[in-house]
Amino acid sequence: MDDERLRPSERLRRTRDFQRVLQQGVKLVTPLFVLYVLPSAEPRSRLGIAVSRRVGKAVVRNRAKRLVREVFRRHKSLLPWPCDVVVIVRQAAVQASYRDYVRQYQTALARYRRGQDKQREERKSEASLSCRPLPPGSTGRGDRL
RNA sequence: AAAGGAGGCCAGAUGAUCGCUCCUCGCUUUAGGCGAGGGGAGGAAAGUCCGGGCUCCACAGAGCAGGGUGCUGGAUAACGUCCAGUGGGGGUGACCCCAAGGAAAGUGCCACAGAAAACAGACCGCCGGGUCGGCGCGGAGAACGGCAAGCCGCUCCGCUUCCCCACCCGGUAAGGGUGAAACGGUGCGGUAAGAGCGCACCAGUCCCGAUGGUGACAUCGGGAGCUCGGCAAACCCCACCCGGAGCAAGACCAAAUAGGGAGGCGUUCCCGCUUCCGUGGGAGGAAGUGGGAUAAGGGUUGCUCGCCCGAGGCCUCCGGGUUGGUCGCUAGAGGCACGCGGCAACGCGUGUCCCAGAGGAAUGAUCAUCGCCGCCCGCCUGCGGGCGGAACAGAACCCGGCUUACGGCCUGCUUUGCCC
RNA sequence: GCCCCCGUAGCUCAGCCCGGAUAGAGCAACGGCCUCCGGAGCCGUGGGUCGGACGUUCAAAUCGUCUCGGGGGUA
């Protein structure tokens, strides 16, 4: 998975998709942005970005989106399986550099993987279930708490 | 050198790696993918303050209302923009600024202060005249008071030329603390006092004429004592302009809901054709279809008229579905160069170039080198090394302006200071 | 894209249409009275670039233009 491209099919474009990820995904808060991660049935991970007008002017918002897109594109291997990811950029990200973005993204996804591994082990001990590491939406909703 | 003021230009460059998007070509193909080549933010892309193009609105027609503009001439597709001028104003100057029609069409407002704030009027003042006036003067009286017969206060009568005080009548606007603004200014004459009442000069206004200019206007001459305050970014008047909406305009394709519920209004007439019924043939009737006139109602984004649409139709409310794709979408009032016309804005001609088209929304990230600026160190005063910095800001249908934000460079200009 | 509203004391608002000089009201703040103390009540006090700039006017919170910030409607 050393693919560093970002095709149109790897982007979230529908309001429905955004709503689903925001409601059912795992929320990961960092100083620069808020990540929502939800495992997906699609062959590839998809990215959606939201930047509020309160963050800054058009130039500032566009730059934030580009940096987030770059981080996602360069670090796809951090996701253990295909996921839909929504990134909500916070105001503190205005002054941050590309390196800051990378650092925050890495730590956030490390936290995500640790949480998922723990869940999987619990589930394995309860009952030997499917080998496919693709949790359905119902467990995803439970992950938020 | 320092301040100032005008105009123009640029918006770091090159390369590598990893990406995004569009176009062309080729291969492959189920959407799609791969390869090659090429294009990919701005001077303001911004604010949305104006003006157009373009598209649609069963036509855009008239009047009213509403909005806008406001010296002149030109430029332009158009403008509230630009250019050239006129008239004002500011600055020592280079230069800059001005919503700059009408206040002798009308209405309204001008706080406080002040006599008075707008066809003038008259508080003080000045002047003239008047009075059972006061005051003054003269005479008389004796009741009352002071008191040494007299005299004074007092009472009555008469006079009053002048001066002073009060009041009344009239003249006048020279002077008057005020105020943002006070009914032309100065001087002389004149007068009871005064006043454009008269005269001289000056300032302004209006009228007439001449000359120059397309014109705004300028200059000159003559006349009228005409002196008529300001505010129309107060209402308003005059002249000119404005149909409405906006690319989410609009066109097509696909999908979905299923002709959903409640209330109200109207459910008419004429003509042609076809079929059927009827009949001796007709008249007539029913259904379908095409056209016309209307009704209810609607459109004409404020109102009125007018116009237009309009027969299982229209209006209002509630409920439900879709909220995907393609086109519009970038070749244009286009850029650049040269020539010509014009003071200029700009126009014309020729040649040449094709120069962003996204759609949860592309144009990016990292690194290196060079160039620029600042600081520090070495130091042969030119170079080397290190660190840091590089503004405002991101196309969303397209143009022309305006305004606002902002880094730097260049050109010639003005004033002041110093040196030669 | 189109359209609208707001900005005045620490806070919530008047005043603006139709200009006139001390810009008001309530709450809050501060001081005093009252009370053993506090609250409530009563009396008093301070606090304003009227979002900013330019203009019109004798005079601007008010009128005009530009601008900044905040909020909303609509397809």
Side-chain angles (χ1 to χ4, degrees), chain A residues 1-123 129-145:
Chain A
M1 225 192 221
D2 52 351
D3 181 23
E4 292 194 347
R5 297 195 52 188
L6 189 67
R7 282 168 267 262
S9 58
E10 297 172 59
R11 281 178 267 168
L12 285 179
R13 332 190 75 154
R14 297 289 156 78
T15 308
R16 281 196 296 269
D17 298 334
F18 272 80
Q19 291 300 322
R20 200 185 62 246
V21 175
L22 290 177
Q23 283 169 9
Q24 302 176 9
V26 177
K27 184 177 178 183
L28 301 158
V29 181
T30 78
L32 297 185
F33 39 76
V34 181
L35 271 163
Y36 287 88
V37 182
L38 180 68
S40 159
E42 300 284 326
R44 298 177 200 280
S45 293
R46 295 189 297 176
L47 172 69
I49 311 166
V51 188
S52 163
R53 281 185 64 180
R54 303 187 66 87
V55 170
K57 298 186 172 198
V59 181
V60 176
R61 297 201 304 271
N62 280 340
R63 174 158 176 83
K65 285 193 212 169
R66 284 164 184 160
L67 289 173
V68 169
R69 215 176 289 129
E70 192 73 8
V71 170
F72 177 81
R73 180 174 74 79
R74 294 265 188 182
H75 301 90
K76 282 180 188 172
S77 55
L78 291 177
L79 289 165
W81 47 77
C83 291
D84 285 350
V85 179
V86 170
V87 178
I88 294 170
V89 178
R90 308 177 74 187
Q91 196 141 23
V94 171
Q95 274 104 13
S97 69
Y98 173 69
R99 295 177 191 287
D100 298 331
Y101 276 75
V102 172
R103 215 170 297 127
Q104 294 298 329
Y105 186 76
Q106 282 170 337
T107 57
L109 284 187
R111 247 193 298 153
Y112 174 72
R113 268 187 317 224
R114 235 178 296 125
Q116 292 296 311
D117 289 344
K118 219 163 108 190
Q119 288 244 336
R120 204 141 29 119
E121 275 172 33
E122 285 172 5
R123 220 167 333 117
L129 260 168
S130 64
C131 56
R132 185 90 199 271
L134 199 150
S138 58
T139 52
R141 196 179 286 125
D143 288 342
R144 287 178 67 210
L145 305 169

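By convention in this document, chain letters (A, B, ...) are assigned in the order of the sequence lines, proteins followed by strands, and residues within each chain are numbered from 1.
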A:D117 side chain to A:R114 main-chain N or O, any donor-acceptor pair under 3.5 Å? no

Checking N1-N3 plus N6-O4 or O6-N4 for Watson-Crick, or N1-O2 and O6-N3 for wobble, each under 3.5 Å, the partner of B:A390 is none

Only pairs with both distances under 3.5 Å count, Watson-Crick or wobble alike; so what is the partner of B:G114 in this structure? none

Please indicate yes or no: is the ring centre of A:Y98 less than 5.5 Å from the centre of the six-membered base ring of B:A365, with the two planes inclined by under 30 degrees? no

Going by purine N1 to pyrimidine N3 plus the second Watson-Crick contact, or the G-U wobble pair, all under 3.5 Å, which nucleotide sits opposite B:G204? B:C226

Ranking A:L47 and A:R74 by the position along RNA chain B of their nearest nucleotide, the one closer to 5' is A:R74

Applying the Watson-Crick and G-U criteria (both distances under 3.5 angstrom) with [ ] for crossing and | for other-strand pairs, one obtains for RNA chain C (((((((..((((......[...)))).(((((.......))))).....(((((..]....)))))))))))).

Under 4.0 angstrom between A:R66 side-chain N/O and B:U21 OP1 or OP2: no

Mate of B:G306 where both pairing distances stay under 3.5 Å, Watson-Crick or G-U: B:U300

Minimum-distance nucleotide (side-chain atoms of A:E70 versus B:A41, B:A393, B:A365): B:A365

Candidates B:A393, B:G364, B:G360 - which lies nearest the side chain of A:V59: B:A393

With a 3.5 angstrom cut-off on both distances, give the Watson-Crick or G-U wobble partner of B:U178, or none if there isn't one. none

How far does the C1' atom of B:G4 sit from the matching atom of B:G42, given to the nearest Å? 31 Å

